[in-house]
Amino acid sequence: MRLYNTLTRREEEFAPAADGQVRMYTCGLTVYARGHIGNFRTFVALDVLRRALRHQEGYGMRHVMNFTDVDDRTILESQKAGLPLREYTGRYIEAFLEDAAALGLEPVEVSPRATDDENVAAMGETIRALEANGHTYRSDGSIYFKIATLPDYGKLARLDHAGMKSGARIDSDKYEKEDARDFVLWKATQPGEPAWDPGIGPGRPGWHIECSAMALRLLGEPPIDIHAGGIDLIFPHHENEIAQSEGATRKPFSRFWVHVEHLMIEEEPGAGSEKMSKSLGNVYNLQDIAERGFRASTLRYLYLGVHYRKQLKFSWTAMAQAEEAVRRLVDFLARLEALPVRPARPDLASRLEAAGTAFASHIADDLNTAAAIGVMFDLVRALNSSIDAGELGASDAEAVRTLFERFDRVLGVLSLRRAEDERPPVPVEEIERLIGARRDARLARNFAEADRIRKDLDARGIVLEDTGSTTRWKRK
RNA sequence: GGCGCCGUCGCCAAGUGGUAAGGCAGAGGUCUGCAAAACCUCCAUCCCCGGUUCAAAUCCGGGCGGCGCCUCCA
């Protein structure tokens with residue numbers, strides 16, 4: 001498949017370097033708070049990449065997504081909460097896993113925590129290798145990376161430091177550095193802060209070292225195939241990861257760098273938008289989505305409607321439109337269940353095959369999910385039309401379902417919706433009993449009673465639809 | 001100030017040289033006990049101004065507007 005590589009600023013043909021297995025690292029969440037829907041835009045987009053590589057391209061995956069469970073904010077917030085760091089961050093890891101499941105993220109092969117003993121040890125090893133290669137210096141008990149020792153520093157971000165805004169705050173650390181652009185690998189112990197000593201002196205990890213160390217430890221010999229994350233990580237995080245990893249190993253770190261654009265929030269129509277971020281305080285999480293009456297599957301669909309390298313303007317209107325679109329798909333799939341037994345339609349196979357090919361080629365085109373979804377809807381209209389004309393039977397339905405399952409292995413929306421629908425607000429037995437009672441009422445032409453039952457269920461979140469002789473239900 | 005992205009129907013959004021996918025909303029119609037769903041028909045020449053070309057939403061230049069990175073951030 002074609003994949004945009006930030007390193008070269010071009011789309012390139014992607015295939016794993018070895019054994020048909022993709023070695024991929026995703027920068028995960030800093031677990032000092034519940035992830036918001038901006039965070040999850042990135043994770044869902046990368047989940048689609050993972051699914052496309054696995055289910056469509058047929059590669060094996062070894063995918064690492066970390067939890068950053070030590071940094072200034074996690075330490076600060078855990079202290080505020082009066083909890084040990086590990087326990088405090090553990091709660092948000094749990095919350096993340098719940099949200100990830102709700103959004104249909106496939107579990108990755110490895111989800112390490114930075115503070116796991118073996119990862120701290122790996123950071124020590126990486127830093128020692130950097131020291132041995134002459135890339136570091138020590139100052140006030142901290143260890144720094146000296147970027148002047150790495151000639152191609154900046155190759156990912158391509159920043160022109162000469163032209164940087166005068167007065168821009170470059171140095172946010174209070175530690176002493178030789179050059180403002182140098183960054184800390186290992187922070188000296190501060191009173192009241194947790195500390196480790198993996199053979200380099202007591203302290204705690206700088207922001208970037210964990211990802212280099214874990215990627216190298218868990219994914220083997222560099223270069224890995226793909227390193228991914230939100231677009232804001234290009235600089236400084238990923239640039240510094242490259243410096244650390246390549247300084248330590250003398251080998252290229254990652255072949256592809258994939259970055260997902262931001263989710264933007266528009267609070268009032270026409271008021272302009274800004275990126276959603278915890279520091280701006282304009283965040284919504286999955287709970288907020290649920291409180292507004294929307295489901296996670298709807299949000300997942302909304303994410304996929306915009307190419308991952310374009311900003312996504314989030315609004316409640318957009319959510320409502322996404323919900324209607326998902327409904328159209330679900331209703332179509334439900335229609336397939338009620339088709340009569342009749343001879344298979346001879347020209348259906350080629351129509352389905354064409355759609356399958358078109359869908360796959362859009363996905364293989366740098367994950368053009370929006371165009372792929374368009375293919376799906378084209379097919380829905382054509383097949384709905386055939387159903388109306390009485391041309392489709394049960395055996396055709398099976399072939400159609402199979403194709404949509406193939407689509408959904410990459411998109412992951414329909415299966416998610418189905419899982420949500422398996423837990424309706426009214427017990428299924430009761431719904432079916434009431435449908436039976438209503439059918440009797442209708443046969444007796446007691447429409448008042450029939451409408452009362454439907455209205456009653458509607459108020460409880462269940463919608464009934466009559467289709468010929470049968471009645472089907474769905475969640476509102 | 002430097003680097004970069006974006007501007008397509010009322011809303012969301014594909015399309016990067018060959019004459020505008022798809023979804024939502026809307027109008028009219030078919031079907032229907034009602035409701036819903038579904039189907040059919042209708043609904044844009046692509047922010048503005050120049051240029052290149054047989055041909056531009058797509059390339060180039062200049063505006064205007066939105067956003068990002070340069071500082072913690074997905």
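Protein chains get the first letters and strands the later ones, always in sequence-line order, with residue 1 at the start of each.
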key: A/Tyr32 and A/Leu76, any side-chain heavy atoms less than 4.5 Å apart   = no
inquiry  = Between A/Arg335 and A/Asp388, does any side-chain N to carboxylate O distance fall below 4.0 Å?
reply    = yes
key: Where protein sits on nucleotides 30-35 of chain B, one letter per nucleotide: B base, S sugar-phosphate only, - none, heavy atoms under 4.0 Å   = ---BBB
note = Scanning all shown strands, the Watson-Crick or wobble mate of B/rC3 with both distances under 3.5 Å is B/rG68
Less than 3.5 Å apart, which donor and acceptor atoms pair up between the side chains of residues 353-364 of chain A and the rest of the protein, not counting sequence neighbours?
| unit_1 | atom_1 | unit_2 | atom_2 | d |
| --- | --- | --- | --- | --- |
| A/Thr357 | OG1 | A/Glu353 | O | 2.9 |
| A/Ser361 | OG | A/Ala358 | O | 3.0 |
| A/His362 | ND1 | A/Ala358 | O | 3.2 |

message = Counting primed atoms plus P, OP1 and OP2 as sugar-phosphate and everything else as base, spell out the protein contacts along nucleotides 14-27 of chain B at 4.0 Å heavy-atom distance: B, S or - for each nucleotide, 5' to 3'.
response = SS-----BSBBS--
query = What does A/Leu263 touch in the nucleic acid at a heavy-atom separation under 4.0 angstrom: a base, only the sugar-phosphate, or nothing?
reply = base
query = Using a cut-off of 4.0 Å on non-hydrogen atoms, how would the nucleic acid contact of A/Met264 be classed: base, sugar-phosphate, or nothing?
reply = sugar-phosphate
query = Partner of B/rC9 by Watson-Crick or G-U wobble geometry, both contacts under 3.5 Å, or none?
reply = none
key: Inter-nucleotide C1' distance (B/rU8, B/rU58), Å rounded   = 11 Å
key: Closest to side chain of A/Pro236, choosing from B/rG68, B/rC72, B/rA13   = B/rC72
ask   = Are any of the side-chain nitrogens in A/Glu94 or A/Arg91 under 4.0 Å away from the carboxylate oxygens of its partner?
value = no
request  = Mind checking A/Thr30 for me? I need base, sugar-phosphate or nothing, with any heavy atom below 4.0 Å counting as a touch.
outcome  = sugar-phosphate
inquiry  = Between B/rC9 and B/rG15, how far apart are the two P atoms, rounded to whole Å?
reply    = 15 Å
inquiry  = So which atom in A/Leu103 and which in A/Ala296 form the shortest heavy-atom distance, rounded to 0.1 Å?
reply    = CD2-O, 3.5 Å
Partner nucleotide, any strand, of B/rG17 [Watson-Crick/G-U, under 3.5 Å] = none
key: Identified pairing partner of B/rC39, criterion: Watson-Crick or G-U wobble below 3.5 Å   = B/rG29
query = Of all the choices, B/rA13, B/rA74, B/rC39, which nucleotide is nearest to the side chain of A/Asp388 once you look at every atom?
reply = B/rC39
inquiry  = A/Tyr4 vs A/Phe14, test: ring pair (Phe, Tyr, Trp, His ring centres under 6.0 Å). Steps then yes/no.
reply    = CA-CA 9 Å; A/Tyr4 185 86; A/Phe14 175 82; over 10 Å; no
query = Quick one: do the A/Thr470 and A/Arg439 side chains pair a donor with an acceptor below 3.5 Å?
reply = no
inquiry  = Between B/rG22 and B/rA55, how many Å separate the two C1' atoms, rounded to a whole number?
reply    = 27 Å
note = Using Watson-Crick geometry (N1-N3 plus N6-O4 or O6-N4) or G-U wobble (N1-O2, O6-N3), each under 3.5 Å, B/rU45 is paired with none
note = The Watson-Crick or G-U wobble partner of B/rU53, with both key distances under 3.5 Å, is none
message = For the P atoms, the ones on B/rG2 and on B/rG63, what distance do you get once it is rounded to whole angstrom?
response = 13 Å
ask   = Is the A/Phe43 ring parallel, tilted or perpendicular to the A/Phe96 ring (thresholds 30°, 60°)?
value = perpendicular
key: Pair A/Asp72 + A/Arg204: basic N to acidic O under 4.0 Å   = yes
task = Using the P atoms only, state how far B/rA56 lies from B/rA20, rounded to an integer number of Å.
result = 12 Å
inquiry  = Say we look at B/rU16 and B/rA25: how far apart would their P atoms be, to the nearest angstrom?
reply    = 28 Å
message = Please determine whether a side-chain nitrogen of the Lys or Arg among A/Asp451 and A/Arg454 lies less than 4.0 Å from a carboxylate oxygen of the Asp or Glu.
response = yes
key: A/His262, nearest nucleotide to its side chain (from B/rC69, B/rC39, B/rC70)   = B/rC69
message = Taking B/rA74 as the reference, what is the distance to B/rG17 when you measure between their C1' atoms (whole Å, please)?
response = 36 Å
message = Does B/rC69 have its OP1 or OP2 closer than 4.0 Å to a side-chain nitrogen or oxygen of A/Lys275?
response = yes
